[in-house]
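What follows is a short report on a single structure.
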2 protein chains.
Amino acid sequence: MTRAEPADVPGDGAPKTTPDRLRRRASRLLSQLSTRSDRLINEGLAQADARKWHYAVLASLQDHGPGSQATLSRRTGIYRSDMVGVLNELAERHLVERAPDPDDQRRNIITISPQGRRRLRRLDKILDDLHDELLAPLSPAERDQFVQLLTRLLDYHTRTS
Amino acid sequence: MTRAEPADVPGDGAPKTTPDRLRRRASRLLSQLSTRSDRLINEGLAQADARKWHYAVLASLQDHGPGSQATLSRRTGIYRSDMVGVLNELAERHLVERAPDPDDQRRNIITISPQGRRRLRRLDKILDDLHDELLAPLSPAERDQFVQLLTRLLDYHTRTS
DNA sequence: GACTAACGTTAGTGAAACTAACGACGTCGG
DNA sequence: CCGACGTCGTTAGTTTCACTAACGTTAGTC
């Protein structure tokens with residue numbers, strides 16, 4: 001009540017005060033961009049008979065070494081319920097190997113195979129190209145900044161969850 | 001380009017030599033952050049018996065004036081198939097009014113009601129708070145930059161689709 | 001007056017993120 | 001040693017989201 005009705009826009013003063021709140025809301029920008037990004041990536045990877053989960057798991061294995069399914073789950077953010085299927089697909093293609101852990105019979109130890117490594121290199125290149133398209137309008141410096149901002153936000157929200 | 005093969009990293013040391021390509025991929029950062037953002041926003045809005053679609057439609061009506069369902073669909077990015085349900089929910093709550101367009105009998109003209117306006121103000125406040133939490137780790141300047149980068153990316157990808 | 005296109009609507013698809021519950025196994029406290 | 005409890009892999013199911021297909025209806029166009 002202290003404030004006047006913003007009214008229906010007829011060009012009165014202070015046009016900048018309420019410009020398109022929709023376009024400004026970070027949450028909305030995020031989810032829309034994420035949708036498009038996902039589609040871009042999925043389509044790109046589909047042409048190589050891969051999904052983004054495949055990449056996530058292979059990269060995790062390469063970077064952090066072998067691990068149990070639960071470990072991979074935590075590293076990649078894929079739910080362990082869904083990890084089963086992903087690993088099945090990867091194992092079918094002989095990109096990973098699933099072997100029982102001798103020290104703990106509950107676990108499987110997942111290792112990346114030589115083919116898996118080759119595959120990962122291939123996917124890395126594909127993803128490089130796709131990200132080039134994804135980030136096309138940004139300069140190299142801006143891309144770094146963007147990634148850095150995203151990282152900080154994500155870190156914050158994973159710590160506090 | 002130093003193309004150092006990261007190799008398998010035996011031992012459990014998890015050294016920093018291979019700075020996690022996963023964490024660097026913008027697509028991954030985007031989709032993970034978007035997931036958390038969505039959850040944050042949805043939970044926040046749910047406590048006010050609202051969904052983000054409600055906000056999108058109400059804000060669009062307030063900022064751009066009344067319109068047909070198809071128009072709203074284009075403005076908000078909601079598919080016209082899904083728009084039906086959203087408008088039903090909004091109409092149930094008397095936040096919008098759906099009236100046949102006298103000039104074109106195919107269309108409905110959707111208008112925001114006074115209650116809808118009040119609602120929108122309320123949701124705007126809620127969203128302000130939620131975004132404060134979402135962007136917590138960023139300084140005001142960084143937040144602007146973040147939004148600006150997102151906007152440019154999204155614009156680019158909507159133009160080229 | 002026939003064609004085409006846009007409208008609102010209904011139904012359904014596929015993927016993603018998550019929950020619940022299971023039997024099998026390990027670990028720890030008493 | 002034993003029971004309580006947590007973890008592991010797995011199966012099944014839920015919900016939500018973005019999207020497609022098809023429909024009858026209505027408008028504009030030739």
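Numbered from 1 within each chain, the chains take letters A, B, ... in sequence-line order.
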No-H, no-angle donor-acceptor pair, B/Arg106 side chain to C/dG8 base, under 3.5 Å: no

Sugar-phosphate, base or nothing in reach of A/Arg51, heavy atoms under 4.0 Å: nothing

Pairing of A/Asp63 and A/Arg75 as salt bridge, 4.0 angstrom limit: no

Options D/dT26, D/dC8, C/dG8, nucleotide nearest the side-chain atoms of B/Ser68: C/dG8

Any B/Gln69 side-chain N or O less than 4.0 Å from OP1/OP2 of C/dT9: yes

Proximity to the side chain of A/Asn108 - top-ranked nucleotide from D/dT10, D/dC17, C/dA16: D/dT10

Presence of B/Arg80 side-chain N/O under 4.0 Å of D/dT20 phosphate oxygens OP1/OP2: no

Sugar-phosphate only, base, or nothing, as touched by A/Ser81 at under 4.0 Å among non-hydrogen atoms: base

More than 12 heavy atoms from other groups under 6.0 Å of CD on B/Glu89: yes

Polar side chain donor-acceptor pair, B/Arg80 to B/Gln69, under 3.5 angstrom: no

B/Arg36 vs C/dA16: side-chain N/O to OP1/OP2 distance below 4.0 Å: no

Among D/dC8, C/dC7, D/dA18, the nucleotide that comes nearest once only the side chain of B/Trp53 is considered: D/dA18

Touch class at under 4.0 angstrom, heavy-atom based, for A/Asp82 against every strand present: base

